[in-house]
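First up is the structure itself, then whatever we jot down about it.
Order of the sequence lines sets the chain letters (A, B, ...), proteins ahead of strands, with each chain counted from 1.
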Amino acid sequence: MEAENSKGHFIETIIKEDVENNKNDGQVVTRFPPEPNGYLHIGHAKSICLNFKMAQKFNGRCNLRFDDSNPAKEKQVYIDSIESAVKWLGFEYGTPFYASDYFDRLYEFAVELIQKGKAYVCSLSADQTREYRGTLTEPGKNSPYRDRSVEENQDLFTRMKNGEFDEGEHILRAKIDMSSPNMNLRDPILYRVKKASHPRTGDKWCIYPMYDFTHCLSDSLEGVTHSLCSLEFEDHRPLYDWTLDELDTPCHPQQIEFARMNINYTVLSKRKLQRLVEKDHVQGWDDPRLPTLEGMRRRGYTSESIKKFCDIIGVSKKDSRIDMGLLESCLRDDLNEKAPRVMAVLKPLKVTIINYPDDLTEELMAKNHPQKEEMGTRSITFSKEIWVEQDDFMEDPPKKFFRLGPGREVRLRYAYLVTCTDVIKDEDGTVIELICTYDPETKGGNAPDGRKVKGTIHWVNANDCIDTKVKLYDRLFKDENPEKDKRDLVENLNPDSLQLLENCKLEKCRGELEAEHVVQFERLGYFCLDAKESTKGAPVINRTVTLRDAWAKLAKKNNPPRKNKQPKRKKRPQQK
RNA sequence: UGGGGCGUCGUCAAGUGGCAAGACACAGGGUUUUGAUCCCUGUAUUCAGAGGUUCGAAUCCUCUCGCCCCAGCCA
């Protein structure tokens, strides 16, 4: 599946044309400009990949620049987290840039605007400013302070900088057009007084520039050629251009907008994610159910699979809601290649092989990857008592069930063919143990007489295994679009998004379990250690993603979740 | 009802006047000691709708409809 978008999306087309026409001397410079006010999620990964890949493709560079012009919301922890996420994705950015590094220059630009009569200090209150701005359908009114002299503006702005005024007393605004149909052009605010300590500049400043003023100038100062951002900034482009046109700047980058990513059954907005975290609906920003990069990493997502996903979904201006299945498909694709196979039983059912010698333990050879010889083999032990998966036994199996049932023979992977001869139940009628016989002639799993056995199931040696807890994850929300209507997000939460299994049995593996080292539990899925919850001797394992499961699909088709019709089975079959 | 954007398969997405790519999903089949992987095969007479221009339209023109964004001293 090496489906690199060879044709290229519309942004690539624009950049390519610019390079061919020798615009910007054929140079390409992009930037990824996060505000350090939260953690990155997969939506940011799309922007990161886009910006870095465009730079790579055209032999340019991409800056990581923190858009840190609002000290009220920004923190060093976010800066650290963002840096680590970008590195994890595998992109090189050298030393990060900060909008705050340009505060002095930005101040000079503001003065330049004042001198040219293009900016003024406005002393309306916040409420008044809003009233004067008008509405979507009515034009705004000029501020009574709009015609202050250059000298007065200069004096006031200097005093704003010197901390002589309180927050809200004065703001610096661009003088554009209060009747513009574009709200962004109705004398937008350039600077406000904010007596907050900044994570990087400390208390040096008590006025801070607004996004529209900061962003375009930062781009220009860095020699950015293509400033890629999301669709909601389309309306800001005229202001981006106005600012750069009015000021004497190094260059005039081209802003190009693309659609943000949405994925079904999850949310991709910092605000909403924050709410889930703060209200304890999930266990922190790195909860493996979250689409945050930290959460996904902890869950076992590889950076390669995320990059692949971003590559496959493309870039356009259309609102989209991408199927979570596509993300998972990219993950499985990558993990299938790299994950060593191992056996583990999640919901154990004891099996006693009645004709197997009591004290014998045999060593059997198992492949670490069925298609990749180079990944080698390992030795696993086998004895009279083993664990198998509860789901691999049915007392009254339906037609196409190839697994264990009374009188049925299956292959224990890499071991022997066994036949179920007895079923032991407790007083409630729950099956608690299976008695089987094995065929000693079938060591390794092949029958010398050529008889074919359709089913192969996994198992774990009962007296030589590791007890673990395993966390299974499902989609965070019940609804495909949790943001639909104004309904409360929380009502939409899937109560079964996390399932903790306490009594899992893992094959005693040679390699130690490690965070971010994903292995495949055969027939179950991909799993990795949850370093955050594991303690010495008490591992906790995350299920990264399940395997594709044709049987589950078939079973569901033949026995669809009951509507109103009453089911006529005595017991609920226990498949997933 | 001001302004800005967007409508191509269930979901993404190519396509820019000359036979509607590809991926995921789905359906069928083959291989298989993972019901995994892998491999075949099928799946849009039609591009939001209606008119028009043209030998020829998803592509050009007109109108209509639907969806998203904008009234933070957030980014």
Sugar-phosphate only, base, or nothing, as touched by A/Gln520 at under 4.0 Å among non-hydrogen atoms: base
Whole angstrom value for the distance that separates P of B/C6 from CD of A/Glu232: 15 Å
Lys/Arg N to Asp/Glu carboxylate O, A/Arg260 vs A/Glu232, below 4.0 Å: yes
Salt-bridge present (A/Glu35, A/Lys270; N to O < 4.0 Å): no
From B/A75, B/C70, B/U34, nucleotide with atom closest to A/Glu35 side chain: B/A75
Closest-nucleotide ordering on RNA chain B, the 5'-leading residue of A/Phe233 and A/Thr137: A/Thr137
Sugar-phosphate, base or nothing in reach of A/Asn446, heavy atoms under 4.0 Å: base
Among B/A23, B/C73, B/G4, the one nearest A/Asp235 by side-chain distance: B/G4
Sugar-phosphate only, base, or nothing, as touched by A/Leu172 at under 4.0 Å among non-hydrogen atoms: nothing
Sugar-phosphate, base or nothing in reach of A/Ile171, heavy atoms under 4.0 Å: base
B/U31: pairing nucleotide in any strand, Watson-Crick or G-U under 3.5 angstrom: none
Rounded distance [0.5 Å steps], CZ in A/Phe109 versus CD1 in A/Ile114: 14.0 Å
Earlier contact from the 5' end, RNA chain B, for A/Ser316 and A/Ala550: A/Ser316
Proximity to the side chain of A/Ser69 - top-ranked nucleotide from B/A75, B/C12, B/A36: B/A75
Nucleotide of B/C6, B/U34, B/C68 approaching A/Pro370 most closely (side-chain heavy atoms): B/U34
Donor-acceptor under 3.5 Å (A/Arg341 side chain, A/Ala339 main chain): yes
Phosphate contact (B/G72 OP1 or OP2) by A/Arg130 side-chain N/O below 4.0 Å: yes
Sugar-phosphate only, base, or nothing, as touched by A/Met210 at under 4.0 Å among non-hydrogen atoms: sugar-phosphate
Sugar-phosphate only, base, or nothing, as touched by A/Lys400 at under 4.0 Å among non-hydrogen atoms: base
Sugar-phosphate, base or nothing in reach of A/Ser125, heavy atoms under 4.0 Å: base
Out of B/U11, B/C70, B/A75, whichever nucleotide has its closest atom nearest the side chain of A/Met183: B/C70
From B/U34, B/G72, B/G3, nucleotide with atom closest to A/Asn182 side chain: B/G3
Touch class at under 4.0 angstrom, heavy-atom based, for A/Lys194 against every strand present: sugar-phosphate
Contact under 4.0 Å: A/Lys318 side-chain N or O vs B/C67 OP1/OP2: no
Euclidean distance for C1', B/G66 against B/C73 (whole angstrom): 36 Å
Candidate nucleotides B/G5, B/A36, B/A75, ranked by approach to the side chain of A/Glu234 - the nearest: B/G5
Protein-nucleotide distance (A/Asp549, atom CG; B/U34, atom P), rounded to Å: 14 Å
Sugar-phosphate, base or nothing in reach of A/Arg186, heavy atoms under 4.0 Å: nothing
Between B/A75 (C1') and A/Gln274 (CD): distance, integer Å: 14 Å
Charged N-O contact under 4.0 Å between A/Glu389 and A/Arg403: no
Euclidean distance, atom CG of residue A/Leu239 to atom P of B/G3 [Å, nearest integer]: 19 Å
Side-chain donor/acceptor of A/Gln371 to base of B/A36, under 3.5 Å: yes
Sugar-phosphate, base or nothing in reach of A/Thr135, heavy atoms under 4.0 Å: base
Sugar-phosphate, base or nothing in reach of A/Asn70, heavy atoms under 4.0 Å: sugar-phosphate
Sugar-phosphate only, base, or nothing, as touched by A/Pro34 at under 4.0 Å among non-hydrogen atoms: nothing
Rounded distance in Å - CG (A/Asp311) to C1' (B/C12): 13 Å
Sugar-phosphate only, base, or nothing, as touched by A/Tyr414 at under 4.0 Å among non-hydrogen atoms: base
Residue A/Gln76 excluded, over 12 heavy atoms near CD under 6.0 Å: yes
Contact check, side chains of A/His215 and A/Arg31, non-hydrogen atoms, under 4.5 Å: yes
Phosphate-side-chain proximity, A/Arg133 and B/C73, N/O vs OP1/OP2 below 4.0 Å: yes
Atom C1', compared across B/A25 and B/U11: separation rounded to whole Å: 7 Å
Touch class at under 4.0 angstrom, heavy-atom based, for A/His215 against every strand present: nothing
